[in-house]
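Accompanying notes for the structure given below.
All values reported here derive from a predicted model rather than from experimental measurement. Sequential numbering from 1 along the given sequence is applied to the chain's residues. As the structure lists them, so they are numbered: ligands from 1, and atoms in each ligand from 1.
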Amino acid sequence: MAQYSRVSGTVGLITLLNPPVNALSAAVRQGIVDMMDKALSDRKVKSVVICGHNGKFCGGADIREFSSPLTGPLLIPVIQGVESAAKPVVAAIEGVALGGGLELALGCHYRIAHSKARLGLPEVHLGLLPGAGGSQRLPRLIGVPAALDIITTGRHVTAAEALKLGLVDRVTDRNTVDEAVKFALSVADQSPQSRRISTFPCPHHPDLDAVFEGVMQRVRQRARGALAPVACVQAVAAATLPFAQGMERERELMATLFTSGQARAQQYHFFAQRAVGRWSMPSGARWDKTKPVAVHKAMVIGLGTMGRGISVALVQAGVSVVAMETNEKQLMDAKQAISSMLERGAKRRGVAPALDKIRYSSDMQPAADVDLVIEAVFEDMALKKKVFQQLSALCKPGTFLCSNTSGLDVDQLASETRTPELVVGMHFFAPAHVMKLLEVVYGSRSSPQAVATAMELGKQMGKVSVAVGNCRGFVGNRMLKPYLEQAFFLLEEGATPEFVDQVLEEFGFAMGVFRMSDLSGLDVGWRVRKADGLPDGHSARIRQGCRYSPLGDLLCEQGRFGQKTGRGWYQYDKPGGQVAKPDPWLQDFLEKFRTQHGLVARRIDHQEVLERCLYALMNEGFRILEDGIAAGPEDIDVIYVLGYSWPPHRGGPMFYAAMVGLKKVLERLEHYHQEHPDIPSLKPCNLLRKLVVSGSPPVQKWREFLQKPQSQL
Ligand code: 3H9
């Protein structure tokens with residue numbers, strides 16, 4: 001709703017009131033209409049200020065309302081009502097003006113922003129476009145190129161940039177509402193006629209066609225099949241038409257997006273990212289009952305790629321860091337790399353680099369004086385155990401001991417210490433200072449406080465932290481295994497890496513499985529498999545009674561580790577080269593392999609690649625839910641979208657399973673498992689069957705069918 005008062009004698013003050021972000025719910029929209037009527041009919045009122053309750057202007061349309069038929073006045077006429085008011089209306093922007101919130105501000109005749117305010121049209125991240133006139137008013141106000149940038153990226157603009165762009169009229173460090181009231185008094189006698197953005201022509205640009213063409217090309221490349229970014233460009237293009245026609249085009253495009261499954265998927269992802277913050281543990285410990293400990297000083301052990309990124313992320317979050325590496329050369333290199341990452345990051349954010357927040361050490365001694373340690377040494381259990389033993393002896397009581405392992409047993413590491421309750425996994429994703437995901441892994445003895453502290457530290461670093469149970473590969477890498485396996489089996493049966501990758505990239509992954517493996521290095525998995533004992537002789541395609549593909553191992557035996565060696569599933573022009581080209585050697589190698597193992601290549605189609613890779617991955621997701629390793633489908637989906645480049649417009653693997661239809665997923669898995677009884681990952685899991693028997697409830701209801709989370713090791 002909205003509140004009304006008259007201030008300074010002649011200013012009508014309308015306050016949007018819908019905590020926490022004053023989203024434009026039906027009640028708020030109705031409130032604006034009613035309070036505008038009040039202000040306009042009050043003869044004492046000469047001008048109007050619109051502000052938001054509690055230091056936030058407005059977070060946009062109420063996304064929760066999108067899943068049911070809209071009630072109350074629509075936002076477009078509400079904003080038109082504000083714009084057409086005969087008295088000047090000033091927006092007092094504090095905190096955020098996003099989406100419909102900024103569109104409302106664009107309907108006002110003047111905009112005053114606090115210097116810390118952020119403005120933006122992030123609808124594209126919800127599978128939508130700014131559909132309350134934003135795609136039409138913004139280009140008219142700040143020009144097409146700047147509007148295209150803001151609308152297609154959905155990025156938040158600072159108040160300083162907004163002022164430079166002409167998006168706001170004034171920026172203040174003082175009380176924004178007071179300043180806006182003063183401003184409203186100063187323009188009270190002026191007609192708002194010339195301030196109505198809908199009457200502005202779109203600013204002239206010498207080569208608009210080239211601008212649109214260039215942006216459309218970039219957007220299509222990045223969109224990975226998402227409809228919204230393309231529709232955003234099309235809507236802005238309509239801003240060159242008369243306003244009414246542009247609005248009609250905006251409405252048509254919005255209607256298409258609104259009813260697309262993509263918008264639903266992206267809105268689910270928005271709420272899923274927030275839901276994962278409400279974590280719980282098998283003991284019943286929960287996010288709202290556990291206080292995290294503040295981390296002021298941390299140590300990072302091991303300064304390879306991961307350790308460097310983690311150090312940068314911590315420093316940028318305001319934590320003092322001791323970065324430790326025993327290898328002197330590696331230490332020197334890391335120091336240089338970290339400094340330049342910090343400098344680049346600071347430049348981007350327009351602040352001074354916090355180089356004094358980090359110091360370097362070649363020994364463990366400083367661990368005695370920190371609040372939390374993150375171990376990021378090589379993925380080798382014996383080495384990690386040794387580090388944890390040393391830490392246990394050195395650290396002061398209460399120091400949290402975290403491992404950046406990507407899949408090793410957290411309980412085993414904890415058992416090397418005197419304080420297993422303070423041990424958790426903090427699985428970062430490369431590059432660790434950029435990627436938004438953090439898997440926080442609790443072992444059987446991890447205390448709720450250790451989990452809360454790691455979750456909170458993740459948030460402080462700008463990450464979305466997901467608490468998961470302890471099992472091999474945790475959630476993300478455990479699901480990756482059957483996905484990779486299917487891709488290998490498909491090669492054995494007749495597919496090519498190019499074809500498999502093409503299908504997966506068309507689905508929306510940034511990279512297909514083979515290009516991704518080449519990028520991350522084939523030798524990493526090979527070493528782990530060797531440590532587990534690789535099969536040999538003619539049982540090479542069977543492992544523990546199940547089908548196994550040795551293709552990846554055979555490539556590594558040839559020294560083909562991927563991009564770094566210039567050869568992998570593809571060939572590259574040089575070691576470290578990035579352009580993947582099909583390799584005739586690999587075709588030859590696959591043919592010989594098939595002959596040697598009596599396999600006859602068959603034609604494999606698009607559908608089979610997609611179903612076998614994705615349904616095997618989803619099936620493992622159901623197992624993870626069944627085992628209680630993830631608390632709900634949202635946790636898995638957030639991990640996959642933020643950590644494994646699953647396309648956001650497909651919601652995540654569990655959401656996608658529901659979209660495809662659980663019954664269909666079950667039937668196809670049954671079909672493939674019948675064809676390949678020696679591949680257990682294709683055997684539909686019980687939870688999937690249970691959900692189908694229960695009428696395939698929507699993904700939001702699956703938690704009702706799950707047991708409490710627990711450790712699996
Ligand atoms: C739109 O405007 C369409 C129009 O163009 C056209 C219409 C015709 N609605 O993120 P937080 C909830 S589309 C409903 O943790 P922060 C959120 O779920 C909209 N709820 O806080 C959470 O609830 P809970 C375009 C919303 O301080 C709580 O508020 N706007 C909305 O880290 C706190 O959120 C956007 O896309 C909403 N619009 O960040 C902006 N926004 O506690 C989306 C938030 O139950 N919002 N909630 O989990 C954001 O980006 C961030 O929430 C914001 C605050 C930056 C505002």
Side-chain angles (χ1 to χ4, degrees), residues 16 18-29 32 52-80 93-107 116-138 147 150-151 153-158 228 231-232 235-236 247 250-259 263-264 266-279 287-288 436 455-456 458-465 632 634 638 648 700:
L16 311 181
N18 184 15
V21 301
N22 301 319
L24 295 160
S25 61
V28 174
R29 297 194 303 275
I32 298 172
H53 168 72
N54 208 15
K56 285 192 184 117
F57 183 72
C58 175
D62 192 333
I63 306 165
R64 289 180 204 281
E65 285 186 352
F66 290 169
S67 49
S68 40
L70 278 182
T71 57
L74 298 178
L75 191 54
I76 295 178
V78 170
I79 294 174
Q80 264 159 3
I93 301 172
E94 296 174 291
V96 287
L98 298 173
L102 180 55
E103 291 175 300
L104 173 64
L106 289 169
K116 295 218 167 90
R118 287 174 296 146
L119 300 86
L121 294 172
E123 286 89 342
V124 69
H125 298 306
L126 298 169
L128 299 174
L129 55 82
S135 74
Q136 303 305 299
R137 285 193 178 89
L138 190 66
I150 290 175
I151 292 174
T153 61
R155 74 184 175 89
H156 293 185
V157 171
T158 61
C232 282
V236 174
M247 286 298 284
E250 182 191 270
R251 192 195 59 75
E252 282 166 14
L253 289 162
M254 182 71 161
T256 311
L257 294 179
F258 211 80
T259 48
R264 250 201 310 143
Q266 284 180 257
Q267 287 153 27
Y268 161 82
H269 177 59
F270 174 85
F271 289 116
Q273 282 188 70
R274 278 135 189 102
V276 297
R278 297 186 277 270
W279 55 271
W287 63 284
D288 52 349
K436 271 196 84 175
M455 292 290 285
E456 185 59 28
K459 199 167 166 193
Q460 210 179 317
M461 288 186 271
K463 313 227 172 276
V464 177
S465 313
E634 296 87 352
V638 167
Q700 290 82 355

Please report whether ligand 1 has a polar contact with Val96, defined as an N or O pair separated by less than 3.5 Å (distance criterion only). no
Counting from 1, what ligand 1 atoms have a heavy atom of Glu103 closer than 4.0 Å? 4 (C), 5 (O), 6 (C)
Is there a polar contact between ligand 1 and Leu128, counting only N or O atoms under 3.5 Å apart? no
If you measure every N/O of Pro20 against every N/O of ligand 1, is any gap under 3.5 Å? no
Minimal non-hydrogen separation, Leu16 against Phe57, with atom names: CD1-O, 3.8 Å
Tell me: protein heavy atom nearest atom 51 (C) of ligand 1, and distance? Arg274 NH2, 3.9 Å
Near Gly99 (heavy-atom distance under 4.0 Å), the atoms of ligand 1 are 2 (O), 25 (C)
Measuring from Glu123:CD to Gln266:CD, what's the distance to the nearest 0.5 Å? 12.0 Å
So, regarding Met254 and ligand 1 (criterion: nitrogen or oxygen to nitrogen or oxygen, under 3.5 Å), is there a contact or not? no
Minimum heavy-atom separation for Leu98 and Arg118, please, with both atom names. CD2-O, 4.3 Å
Heavy atom of Glu65, distance to ligand 1 below 4.0 Å: no
Decide whether an N or O pair under 3.5 Å exists between Arg64 and ligand 1. yes
Numbered atoms and elements of ligand 1 in range of Glu123, under 4.0 angstrom, heavy atoms: 1 (C), 2 (O), 3 (C), 4 (C), 5 (O), 13 (S)
Return the closest protein heavy atom for atom 30 (N) of ligand 1 as residue, atom name and distance. Gly59 O, 2.9 Å
Should you measure from each heavy atom of Pro130, which atoms of ligand 1 turn up under 4.0 Å away? 5 (O)
Quick check on contacts: which atoms of ligand 1 are under 4.0 angstrom from a heavy atom of Asp62? 9 (N), 14 (C)
Atom indices of ligand 1 within 4.0 angstrom of Gly100 heavy atoms, with elements: 1 (C), 2 (O)
Please confirm whether His156 comes within less than 3.5 Å of ligand 1 when only nitrogen or oxygen atoms on both sides are compared. no
Using a strict cut-off of 4.0 Å, indicate which atoms of ligand 1 neighbour a heavy atom of Phe271. 18 (O)
